[in-house]
Visitor: 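Okay, handing you the structure first.
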Amino acid sequence: MNYEDVLKKLDPVITKAGELIMAYQTKDKKIEYKDQVNLITAADRESEIFIYSEILRLFPDDSILAEEGHQKQGTSGYTWVIDPVDGTTSFAHGFPFFCISAGLLNDQSNEPVLGLIYAPMLNEKFTASKNGGAFLNGKPIHVSDVKTMSKALIGTGFPYNRRNIMDRLMRRLSNFLHEVHDIRRTGSAALDISYVACGRLDAYYEEGLQPWDVCAAAIVLKEAGGFISKFNGDKFDLFLPETAASNSSIHDELLSLLKT
Ligand code: IPD
Ligand code: CA
Ligand code: CA
């Protein structure tokens with residue numbers, strides 16, 4: 001598979017999906033609650049249906065796994081993992097840190113091989129493919145060279161089940177607040193990890209992410225020189241809910257602060 005060609009075909013689809021969701025900034029977003037804190041809007045639904053049908057048309061042999069329920073089994077050994085709006089809460093409030101995230105997974109190796117993350121309100125597009133480098137709006141990106149936690153700006157997220165894991169969440173947050181320079185929370189895991197990839201953040205962690213939050217960002221990070229693992233340092237797995245991502249240099253320190 002030529003990943004460059006695949007990215008070229010995917011790019012206009014994700015750009016168009018960005019236009020679709022931006023149009024909702026000036027119309028009724030039809031916000032519904034999936035539960036006490038988890039939102040869905042008309043933009044999530046419309047973006048997903050559009051991306052799903054375009055991928056079906058462009059890559060008919062691939063499997064598809066999308067957050068809002070569109071799934072399809074293909075024969076190629078590759079799966080598109082789609083988040084039609086990552087950062088829906090940010091989106092619903094007009095807070096600009098939301099994006100569309102499309103990653104391609106090699107089913108056999110369970111590794112993301114290509115990713116595109118587009119933040120339409122910020123006009124930023126992160127792209128990467130296996131051994132092809134990582135880019136922001138077409139320019140190569142690289143992780144930071146920060147070497148200690150005391151100098152690090154860290155991203156994190158608070159998962160939707162946060163009320164059930166509050167003690168653990170607070171213990172971890174407290175570990176970090178004692179040691180790091182500072183912490184940011186954008187509300188989009190895909191953007192947070194992409195920001196580690198381009199050096200705006202030095203590390204990121206979250207418990208409870210789903211494959212569509214991380215698939216595309218994991219390859220962007222890897223191609224930019226970063227490292228991603230489970231909290232105990234074991235090999236990262238999209239389908240397991242622990243994400244520790246860093247610029248590589250501070251990964252050991254990140255893991256030790258994640259111990260609660
Ligand atoms: C959420 C965002 C958020 C993270 C949550 C995710 P959604 O995705 O990535 O940053 O903290 O855990 O579920 O629901 O906005 O697509
Ligand atoms: Ca998401
Ligand atoms: Ca989403």
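Order of appearance sets the numbers: ligands from 1, and atoms from 1 within every ligand. Residue indices begin at 1 and follow the sequence shown.
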Visitor: Would a line drawn from the ring center of Tyr24 to the ring center of Phe91 be shorter than 6.0 Å?
Guide: no
Visitor: Looking just at side-chain N and O atoms, do Ser188 and Thr186 make a donor-acceptor pair shorter than 3.5 Å?
Guide: no
Visitor: Parallel, tilted or perpendicular: which describes the rings of His70 and Tyr52, with under 30° parallel and over 60° perpendicular?
Guide: tilted
Visitor: What part of Leu39 sits under 4.0 Å from ligand 1 if we count only heavy atoms: the side chain, the backbone, both or neither?
Guide: neither
Visitor: Establish whether Leu105 and Trp80 are linked, either directly or via other cluster members, by ILVMFWY side-chain heavy-atom contacts under 4.5 Å.
Guide: no
Visitor: Taking the side chain as every heavy atom from C-beta outward, state whether Leu10 and Ile14 have any pair of such atoms under 4.5 Å apart.
Guide: yes
Visitor: With heavy-atom distances below 4.0 Å as the criterion, list the atoms of ligand 1 near Leu209.
Guide: 12 (O)
Visitor: Under 4.0 Å from any heavy atom of Val85, which atoms of ligand 1 are there?
Guide: 16 (O)
Visitor: In ligand 1, which numbered atoms sit nearer than 4.0 Å to a non-hydrogen atom of Tyr160?
Guide: 1 (C), 7 (P), 13 (O), 14 (O), 15 (O)
Visitor: Quick one: look at Trp212 and ligand 1, take heavy-atom pairs under 4.0 Å, and tell me if it's side chain, backbone, both or neither.
Guide: neither
Visitor: Heavy-atom distances under 4.0 Å decide this one: backbone, side chain, both or neither, for Asp213 against ligand 1?
Guide: side chain
Visitor: Below 4.5 Å, heavy atoms only, C-beta onward: do Tyr78 and Asn106 meet side chain to side chain?
Guide: yes
Visitor: Please work out, at 4.0 Å between heavy atoms, whether the side chain, the backbone, both, or neither of Glu206 comes within that distance of ligand 1.
Guide: side chain
Visitor: Purely on distance, is any nitrogen or oxygen of Ala189 under 3.5 Å from one on ligand 1?
Guide: yes
Visitor: Would you say the side chain of Leu136 lies within less than 4.5 Å of the side chain of Lys125, judging by non-hydrogen atoms?
Guide: no
Visitor: Hydrophobic clustering (ILVMFWY, side-chain heavy atoms < 4.5 Å, transitive) - are Leu39 and Phe158 grouped together?
Guide: no
Visitor: Near Asp83, which atoms of ligand 1 are under 4.0 Å from a heavy atom of that residue?
Guide: 16 (O)
Visitor: Cut-off 3.5 Å, side chains only: do Glu124 and Tyr118 have a donor facing an acceptor?
Guide: no
Visitor: Are any of the N/O atoms on Gly87, whether in the backbone or the side chain, positioned under 3.5 angstrom from an N/O atom of ligand 1?
Guide: yes
Visitor: How about Arg184 and Leu201: do any of their side-chain heavy atoms sit closer than 4.5 Å?
Guide: yes
Visitor: Can you tell if the side chain of Leu255 reaches within under 4.5 Å of the side chain of Asn232, non-hydrogen atoms only?
Guide: no
Visitor: Show which atoms of ligand 1 fall inside a sub-4.0 Å distance from at least one heavy-atom site of Gly187.
Guide: 2 (C), 3 (C), 10 (O)
Visitor: Is the number of heavy atoms from other residues, nucleotides or ligands under 6.0 Å of Lys130 NZ greater than 12?
Guide: no
Visitor: At under 4.0 Å between heavy atoms, is it the side chain or the backbone of Ser188 that contacts ligand 1, or both, or neither?
Guide: backbone
Visitor: Side chain, backbone, both or neither: which part of Arg185 has a heavy atom under 4.0 Å from ligand 1?
Guide: side chain
Visitor: Work out how many protein N, O or S atoms lie closer to the Ca ion (ligand 3) than 3.0 Å.
Guide: 3
Visitor: Decide yes or no for Glu68 and Lys34: does some side-chain heavy atom of the first lie under 4.5 Å from some side-chain heavy atom of the second?
Guide: yes
Visitor: Run the contact test for Leu191 against ligand 1 with a 4.0 Å cut-off on heavy atoms, strictly below, and give the result.
Guide: no
Visitor: With atoms numbered from 1 as shown, which atoms in ligand 1 lie under 4.0 angstrom from a non-hydrogen atom of Thr88?
Guide: 15 (O)
Visitor: Quick check: Phe95 with Phe97 (ring centres under 6.0 Å apart)?
Guide: yes
Visitor: With distance as the sole criterion, is a donor-acceptor pair present between the side chains of Asn247 and Asp145 under 3.5 Å?
Guide: no
Visitor: Could you check whether any heavy atom of Gln210 sits closer than 4.0 Å to an atom of ligand 1, since that is the contact criterion I want to use?
Guide: no
Visitor: Is it the case that ligand 1 has an N or O less than 3.5 angstrom from some N or O of Gly157?
Guide: no
Visitor: Between Asp192 and ligand 1, find which residue part has any heavy-atom pair under 4.0 Å and reply side chain, backbone, both or neither.
Guide: neither
Visitor: Show the atoms of ligand 1 that are less than 4.0 angstrom away from any heavy atom in Asp86.
Guide: 1 (C), 2 (C), 7 (P), 8 (O), 9 (O), 15 (O), 16 (O)
